[in-house]
Amino acid sequence: MGAIDVIADLRELAKLTSTADGAQRLAWGPIWRDARAWFSSKLATLNLTSEIDAAGNSWVMLLGSSDRTVIIGSHLDSVPNGGWLDGSLGVMVGLEALRMFRGQRPPVTLKVVDWADEEGARFSRSLLGSSAASGSLDVTEVEHLADKGGVTLTDALKQNGVELSRMHESQKYLKAINAKAYLELHIEQGPVLEAANKSAGVVIGTFGVERHLLRFVGQAAHSGSTPIPMRKDAFLAAAESALAFREIARKYTTPAARVVCTVGTARVEPGIVTAVPGVCEISLDQRALDARVLAQMLADARAASWRIASENNVSVEWKRIWSIDPRPFDPKLIRLCEDAVREVTGDAPHLPSGPLHDAAEMVPHMPVVMMFAYSSNGLPHCKEEDTPEPHLTKAFEAFLLLVRKVVLSKD
Ligand SMILES: [Zn+2]
């Protein structure tokens, strides 16, 4: 029972919704609907049924003796050719928590939520269902979205009984819950727990993100005829800046707090082997858990790019692509999570979450904590994604213990 059941459920779901290339539970599509129908059949064995809110999120409730509610959430949708644990891990452990309290009347109510379209793999807007429920979704920013096949988001939602213009009504559903806590177990999708050989870790919050596009403009010139001192090479300015950004990440990383800076894209013009690049565009993605540190990292990056641009006789312009504030989790829940992880695994490493999760959307509304499970090779979003079974078992045990602790904790 317990962890063994969860693993059996996960294998069954993977078998039903994967091909040789991995999980295919793309949100709003037929295999995702199959996954949800399969989940409903599991609920039926517990005499429970789910209800769908206005944003397509699926909720199931086990009534307790009070309306104070502990929510366990994650997502059944996957990217194309995705892994067997991303998202489904958190939903399946929620199912196990329902089984754990079956036939009893727990002191608080339990809800398990399967958020709709966490991945954003089809329409490029992640956290769609949870952001609608939390009130941070701006419909005007997504109403024009279409998938690769030209199907609009509006139509895809409609096929699933969801009206884009009414998704915000899911806020009422969330607000009506007398929430005591939101808990989420997720595979780490990074190498930290594996490197420390730890089955589970306590997540202290999700990183804030500053994402910008930098455009360096110099002068395109012939590679043979233009002497080095006379060049205005936009690529070299961008490349030097990228190295400076790595130094900024090193400077602000402390033993207690890791930060990151990433240049993920680079494009040069004219893009010819015999031309000095006149234009170079790079992206910069900066992440930190402390808002003041993130602001300082951004200021340092701007200053470095301006200095380097001027040293290279080029100009640089910054354009913000996207940003989000850091979302620190609840200190009291972090302590309970730490107790649970330590009791099961002997140790309780703390780590921030670099990727965003639905949990981040719940932070403004209720106390939140996440637990991460060991991730083999730190590989996410692919069929190789895995947590070896002994680690998986421990992570489930720790999370179910956390659920019990939170359910029984005094407010
Ligand atoms: Zn996920």
Side-chain angles (χ1 to χ4, degrees), residues 6-7 9-10 13-14 17-18 22-29 31-32 35-36 39 55-58 71-96 112-134 136-137 182-194 200-207 209 287 324 327 329 351-363 368-387 391-392 395-396 399:
V6 191
I7 293 171
D9 288 339
L10 282 163
L13 176 68
T17 58
S18 306
Q24 308 296 338
R25 300 183 295 272
L26 199 58
W28 315 112
I31 301 174
W32 175 70
R36 281 193 152 186
F39 189 66
N57 304 308
S58 170
I71 304 172
I72 301 167
S74 205
H75 58 97
L76 283 180
D77 74 307
S78 76
V79 299
N81 306 326
W84 70 299
L85 297 172
D86 180 351
S88 54
L89 186 68
V91 178
M92 243 35 84
V93 80
L95 174 66
E96 188 58 28
V112 175
V113 56
D114 163 23
W115 298 110
D117 202 355
E118 189 274 347
E119 297 287 2
R122 187 166 161 199
F123 296 100
S124 309
R125 172 53 160 101
S126 42
L127 311 182
L128 190 68
S130 55
S131 67
S134 85
S136 68
L137 177 69
Y182 175 89
L183 310 174
E184 183 167 350
L185 175 67
H186 203 281
I187 185 166
E188 182 200 339
Q189 303 181 300
V192 175
L193 291 174
E194 184 186 44
V202 182
V203 187
I204 51 179
T206 56
F207 274 157
V209 182
R287 298 179 186 225
I324 187 170
R327 300 275 164 92
F329 292 156
L351 67 168
S353 174
L356 281 167
H357 293 288
D358 294 306
E361 289 290 349
M362 294 300 106
V363 169
V368 172
V369 77
M370 287 185 77
M371 190 186 288
F372 274 164
Y374 178 110
S375 183
S376 296
N377 304 313
L379 285 173
H381 290 174
C382 58
K383 68 176 192 298
E384 289 81 14
E385 174 198 275
D386 193 33
T387 304
H391 287 298
L392 200 50
F396 285 136
F399 190 80

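When a residue number appears, it is its place in the shown sequence, counting from 1. In listed order, ligands and their atoms are each counted from 1.
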Let's go through Tyr182 and Val113 carefully: what are the C-alpha distance in whole Å and the side-chain angles of both, what is the deciding distance for side chain to side chain contact (heavy atoms under 4.5 Å, CB included) to 0.1 Å, and is it a yes or a no? CA-CA 10 Å; Tyr182 175 89; Val113 56; 4.2 Å; yes

Classify the ring geometry between Phe372 and His357 as parallel (under 30°), tilted (30 to 60°) or perpendicular (over 60°). perpendicular

At the Zn ion (ligand 1): angle between His75 atom NE2 and His186 atom NE2, to 10 degrees: 120°

Quick check on the Zn ion (ligand 1): does His357 put an N/O/S atom closer than 2.8 Å to it? no

For Ser130 and Glu361, does a side-chain donor sit closer than 3.5 Å to a side-chain acceptor? no

With no hydrogens and no angle check, do the side chains of Gln189 and Ser375 hold a donor and an acceptor under 3.5 Å apart? no

From the N, O or S atoms in Asp86, identify the one nearest to the Zn ion (ligand 1). OD1

